[in-house]
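Right, one structure below, let's go through it.
Numbering starts at 1 and runs along the sequence shown.
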Amino acid sequence: MRRILKMMGEILILSVLVAIMAVGVSAKENNISWTFHDDTKTLTIRGDGVVEYNRKWKKLKPKHIKIEEGIDEIGYYAFSDMKTVKSISIPKSVKEIGGFAFENSGIKKITIGKTVKKIHRGIFYNCQKLETVNWHYKEIPSYTFEECESLKKINMYTKIKTIGKEAFESTGFEEFKMPDSVQKVGPRAFAYCAELKKIVFSKNMQVIPSGIIEGCDRLEKVILKEGVRIIGKEAFADSKIPSIKIPNTVKVIKTGAFEGTEGIRKIVIPPEVKRIHDDTFKECKDLETIVFNKKVRSIGENAFAKCGKLKSVAVPGNVKSIEYKAFEKSGCKEVIISKGVKEIDYRAFNNCDQLEKVSISDTVSVISDNSFANCDKLTQIVVNPENEVYASVDNCLLNKNKTELLQVPGGKKGVYEIPATVTKVYPQAFYGCKSITAIASTNNPNFKSVDGILYDRTGTKLISSPINKTGTIVIPSNVLIIGESAFQNSKASQIIIPSSVVSMEQCAFEYCNNLTYMKIPGNVEKVSQAAFWECNKLTKVIIESGTKKIQRNAFHGCGKLRKIVVPISVYFINETAFSECWRVSLYCKKSSCAMSFANKHDYRYKVI
């Protein structure tokens, strides 16, 4: 009998040990209890409260998590960083899931049931092994699947209305078809989906948000359905879409919406768009053709700038203004400004190196400086004879009375003769005329030309020096004024200014990229605004005693400027006078304005 009782005791002890080994660990905290079965690596959670983060669970390295009926909420970060977990079962009793609840976990498949009433953001953030999701909640909050790089399939509730910010960023989808129930999508929702080739948007989306497909470099097809009204700021910027059809329902295309997009060759502006905003198609390097609608009233700043493959541009008459730099550095060979257009802003077609001809209608009443400057191949600026403000003579742009020379096309070569009727030459009339060797005034009594340089009739104001003049230029001793932009882009290696000069106007030596040294006479009252703007080889400047002021941006961008001698007579230096002159040292007197300036703005100086 004793032997039998002993055997029964041993069996009982063994059973308890086996049970302990099978369960491994168990605990009860608050209203939650849990057990861990070591043999199956299963963590079972039961109770009637909120599942909160428990640092013990991660150490157990579970593969499966089973949440039993009764649990009504999964808290913030509850299962965060549990990389060993492969599956999680969520019961119908769960009504709320907190933010980042499963982030960085190892789950492969998950079902979010219909009974869940609230889900916070980022619950599966960076779950890199997650492959399949069954989703029945009414929305997909921000960051929900961000960095889930293995996620290729999601079965979505057909009445889902919202997809949040960055919800699918960096996921593994190859194709994504959005349910038509979706009304709102957050910025960058599909950004950096490296495998995404096709995306179909909902017909009930009215706004395409910013950065929606940023970094989706393999994207081949984007389908926007009729119903979209607004394409948001930078929505498709820097993407690589071979083509896109903008729906006719679109009324607004915001700033930079397609900036830097590669692959698009043709753009048809929808019929209800009234303004092409700033930077909208800037740097679309494959864009060849633009089809304007009949309602566009303005083409914004940089709207088509740097579109190098544009063949030609015919701006329709419904467009009233072409704004600043709208087509700068584009590849168009011909520009037609149609009847109805009124204004062409500053630098609108500047630096178009393939542009050969510009035709201007009779309705244009404002053409700003440099609208067609620095276009190396431009030889024809043709103005309709009925235009009441402008005229063309020898393919140059003048005012209607032919008394003011406004723009000489950049492709002009050899000696340029000032027309006999001209009494005023605009400061930047010869901007970018790289092939003109001399400016003459043979039949014009209002000017004089000396050694190919243009002066006023008295010879006291230097108006313009041809860009092509090289070597040393000695300005005559009777000159009092060096005019605005007079030596702009000059190739001269040295320019000697006589002591007679009392005024250098703004931008007088702008972009003189061969100058290394300059002496400014003391009779020059001020070094004017942008006088030596981006003279990128200038290393030394001496300002003689007598000069009083150094104006705004006077030496801006002179990156190699090392030494500038500033006399004690200078009592004012603008705070931007030496902007982007990284290595300049001011040589000055002790307690001078220059010394105070250097101390205040952290420039090097040396007392002399």
Side-chain angles (χ1 to χ4, degrees), residues 278-279 301-302 305-306 324-325 328-329 346-347 350-351 368-370 373-374 427-428 431-432 482-492 495 497 501 503-522 524-544 546-589 591-608:
D278 299 350
D279 303 317
E301 181 178 322
N302 283 308
K306 298 182 181 181
Y324 176 67
K325 292 186 177 183
E328 185 181 44
K329 295 185 180 180
Y346 182 66
R347 298 181 73 172
N350 189 48
N351 282 303
S368 299
D369 292 348
N370 288 341
N374 219 27
Q428 300 195 34
Y431 188 100
I482 300 173
E484 179 182 339
S485 303
F487 288 95
Q488 190 175 58
N489 290 307
S490 174
K491 294 181 180 178
I495 299 172
I497 304 173
V501 172
S503 175
M504 297 188 312
E505 296 181 352
Q506 67 180 13
C507 305
F509 301 94
E510 181 181 34
Y511 299 120
C512 288
N513 291 330
N514 288 334
L515 290 182
T516 58
Y517 168 80
M518 177 60 70
K519 180 184 283 189
I520 300 172
V524 176
E525 182 179 5
K526 61 185 178 183
V527 183
S528 60
Q529 176 180 325
F532 296 92
W533 178 280
E534 293 193 14
C535 293
N536 58 30
K537 290 185 180 178
L538 192 62
T539 57
K540 182 179 179 182
V541 174
I542 296 175
I543 303 174
E544 295 187 328
T547 298
K548 297 176 181 178
K549 299 179 181 180
I550 303 176
Q551 301 285 71
R552 180 162 60 95
N553 291 319
F555 296 94
H556 169 86
C558 296
K560 293 187 178 180
L561 186 60
R562 299 289 189 277
K563 178 178 181 179
I564 181 164
V565 178
V566 183
I568 199 165
S569 59
V570 171
Y571 65 80
F572 172 80
I573 303 174
N574 185 276
E575 64 181 0
T576 66
F578 303 102
S579 58
E580 298 187 25
C581 297
W582 314 116
R583 302 177 185 178
V584 68
S585 293
L586 279 64
Y587 286 65
C588 55
K589 297 292 184 180
S591 302
S592 65
C593 171
M595 181 176 171
S596 297
F597 174 87
N599 281 321
K600 182 178 180 180
H601 297 285
D602 200 26
Y603 284 95
R604 290 184 289 269
Y605 70 93
K606 184 175 182 180
V607 175
I608 54 174

**Message:** Donor-acceptor pair, distance only, cut-off 3.5 Å: does the side chain of Thr547 make one with the backbone of Val524?
**Reply:** yes
**Message:** I need the single residue from Gln428, His556, Gln488 that forms a side chain to side chain donor-acceptor pair (under 3.5 Å) with Glu510. Which is it?
**Reply:** Gln488
**Message:** Looking at every non-hydrogen atom in both residues, tell me the closest pair between Phe509 and Cys535 and how far apart they are.
**Reply:** O-SG, 3.1 Å
**Prompt:** Would you say Phe572 and Lys548 make side-chain contact, with heavy atoms under 4.5 Å?
**Reply:** no
**Prompt:** Hey, does Asn302 have a side-chain heavy atom less than 4.5 Å from the side chain of Asp278?
**Reply:** no
**Item:** Pairwise distance OH(Tyr587) to CE(Met595) - rounded to 0.5 angstrom
**Value:** 15.0 Å
**Message:** I want to check something: taking the side chain as every heavy atom from C-beta on, are Ile520 and Phe532 in contact at a cut-off of under 4.5 Å?
**Reply:** yes
**Message:** Looking at every non-hydrogen atom in both residues, tell me the closest pair between Ala554 and Val527 and how far apart they are.
**Reply:** CB-CG1, 3.9 Å
**Asked** Which pair of heavy atoms, one from Thr576 and one from Arg552, lies closest together, and at what distance?
**Response** OG1-CG, 3.1 Å
**Prompt:** Rounded to the nearest 0.5 Å, what separation is found between the CG atom of Asn536 and the CG atom of Asn514?
**Reply:** 9.0 Å
**Asked** Does some side-chain heavy atom of Gln529 sit less than 4.5 Å from a side-chain heavy atom of Asn574?
**Response** no
**Prompt:** Can you name the nearest heavy-atom pair linking Asn489 to Gly432, along with the distance?
**Reply:** ND2-N, 4.4 Å
**Message:** Over 60° means perpendicular and under 30° means parallel, so tell me whether Phe578 and Phe555 are parallel, tilted or perpendicular.
**Reply:** parallel
**Request:** Enter the distance from His601:NE2 to Ser579:OG here, rounded to the nearest 0.5 Å.
**Result:** 11.5 Å
**Prompt:** Side-chain donor-acceptor pair under 3.5 Å between Asn350 and Asn374, yes or no?
**Reply:** no
**Message:** Taking the side chain as everything from C-beta on, heavy atoms only, tell me whether Val570 gets closer than 4.5 Å to Ser592.
**Reply:** no
**Message:** Heavy-atom count check: over 12 atoms from other residues, nucleotides or ligands less than 6.0 Å from Arg562 CZ?
**Reply:** yes
**Message:** Looking at every non-hydrogen atom in both residues, tell me the closest pair between Cys581 and Gly557 and how far apart they are.
**Reply:** SG-N, 4.4 Å
**Message:** Using 0.5 Å steps for rounding, measure from the NZ atom of Lys589 to the CD1 atom of Ile608.
**Reply:** 5.5 Å
**Fill in**
When rounded to the nearest 0.5 Å, the distance separating NZ of Lys491 from CG of Leu515 is 14.0 Å
**Message:** Under the side chain to side chain contact (heavy atoms under 4.5 Å, CB included) test against Val541, which residue among Leu561, Val566, Val565 passes?
**Reply:** Leu561
**Prompt:** Just how far is it from atom NZ of Lys537 to atom CG of Asn513, taken to the nearest 0.5 Å?
**Reply:** 7.5 Å
**Prompt:** Where is the tightest heavy-atom contact between Ala594 and Ile573, given as atom of each residue plus distance?
**Reply:** CA-CD1, 3.8 Å
**Message:** Just so I know, are the side chains of Lys563 and Ser585 near enough to count as touching, which here means a heavy-atom distance under 4.5 Å?
**Reply:** no
